[in-house]
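What follows is a single structure, written as structure tokens, with notes after it.
All residue numbers in this chain count up from 1 along the given sequence. Counting convention: from 1, in listed order, for ligands and their atoms alike. As the structure is a prediction and not an experimental result, all values here were calculated from the model.
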Amino acid sequence: MATFIVLLGPPGAGKGTQADILAEKTGLAHISSGDLFRENLKRETDLGKVAKTYMDRGELVPDDVTIGMIRERLSQPDCQDGAILDGFPRTTAQAQALETMLAGFGGRVDVVPYITAPQDVLVGRIAGRWTCRAEGHIYHEKFNPPKKTGVCDIDGSVLFQREDDRAETVTRRIQVYAEQTAPLVEHYRGQGRLVEVDGSQPMEDVTAALLNSLKNAGR
Ligand code: AMP
């Protein structure tokens with residue numbers, strides 16, 4: 001039976017970094033809605049052009065566009081055993097659509113690790129974040145620096161700072177999270193799927209706590 005994990009948490013909590021590590025350790029696909037949008041932006045697809053207008057403002061891309069993109073991604077063969085979802089769902093409508101999609105594959109959301117951190121930690125993490133141009137691997141200049149400044153350890157591509165990581169946009173993203181995504185915490189808690197993880201611990205301790213939470217889901 002496939003395993004689907006939803007990583008929940010505010011921007012800067014470390015979802016992307018941890019999802020990369022978990023994907024490697026579990027062999028599950030890592031699906032990041034933000035990365036999918038950024039790939040579309042880079043390729044200048046119609047979807048990318050629509051998404052950009054929202055992303056630049058720190059707003060959410062409309063549900064129908066986002067849900068369609070994730071449905072397509074989940075139907076690919078590498079998701080047969082399940083996936084780690086990072087950045088999706090972000091609204092109640094997306095969570096409901098996800099449940100319907102997974103039911104169609106005979107699956108469901110198995111566990112929802114909720115990574116928390118105080119606001120000053122979140123802002124500091126985002127401000128020091130560098131992302132790799134080719135694959136979206138994530139670094140932090142203080143907490144997780146690349147071996148060579150400005151170069152990805154994994155694929156050697158150039159590191160850049162995301163435009164939406166600028167201070168004004170970050171504030172808006174955190175606000176949007178509080179308004180539209182935070183209600184999902186209670187949604188999944190009510191289903192008994194939520195596991196809280198303290199994201200302000202050192203990176204390895206967060207990974208250990210996450211792996212522990214997945215044991216319950218049989219991974
Ligand atoms: P992220 O890389 O997860 O921080 O996402 C970057 C941006 O992409 C967000 O600020 C949104 O504009 C957009 N985005 C990513 N995931 C979603 C989603 N599930 N729903 C709507 N917009 C999204």
If you measure every N/O of [X] against every N/O of ligand 1, is any gap under 3.5 Å?
X: Gly87; answer: yes
X: Arg162; answer: yes
X: Val61; answer: yes
X: Tyr54; answer: no

query: Of the protein's non-hydrogen atoms, which lies at the shortest distance from atom 15 (C) of ligand 1, and what is that distance?
result: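 Here the closest protein heavy atom is Arg90 NH1, 3.4 Å.
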Interfacing atoms of ligand 1 (cut-off 4.0 Å, heavy-atom, [X]):
X: Arg38; answer: 2 (O), 6 (C)
X: Phe37; answer: 8 (O), 13 (C), 14 (N), 15 (C), 17 (C), 23 (C)
X: Gln94; answer: 18 (C), 19 (N), 20 (N), 21 (C)
X: Ser33; answer: 15 (C), 16 (N), 17 (C), 19 (N)
X: Thr66; answer: 18 (C), 19 (N), 20 (N), 21 (C)

Can you find a heavy atom in the side chain of [X] that is under 4.5 Å from one in the side chain of [Y]?
X: Asn212; Y: Val195; value: no
X: Phe143; Y: Met203; value: no
X: Ile67; Y: Arg71; value: yes

Under 6.0 Å from the [atom1] atom of [X], do we count more than 12 heavy atoms belonging to anything else shown?
X: Glu44; atom1: CD; result: no
X: Gln76; atom1: CD; result: yes
X: Gln80; atom1: CD; result: no

Per-residue contact class, Val176 against ligand 1 - non-hydrogen pairs under 4.0 Å: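 Answer for Val176: neither.
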query: Got a second to check how far Ile174's CD1 is from Ile126's CD1, nearest 0.5 Å?
result: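 Spacing of CD1 (Ile174) from CD1 (Ile126) equals 5.0 Å.
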message: Counting only heavy atoms, tell me which of Lys15, Arg57, Glu59 gets closest to atom 12 (O) of ligand 1.
response: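 Among Lys15, Arg57, Glu59, the closest heavy atom to atom 12 (O) of ligand 1 comes from Glu59.
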- request: With Arg133 as the cation and Phe160 as the aromatic partner, state whether NZ or CZ is under 6.0 Å from the six-membered ring centre and within 45° of the axis.
  value: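 Flagged: Arg133 positioned over aromatic ring of Phe160.
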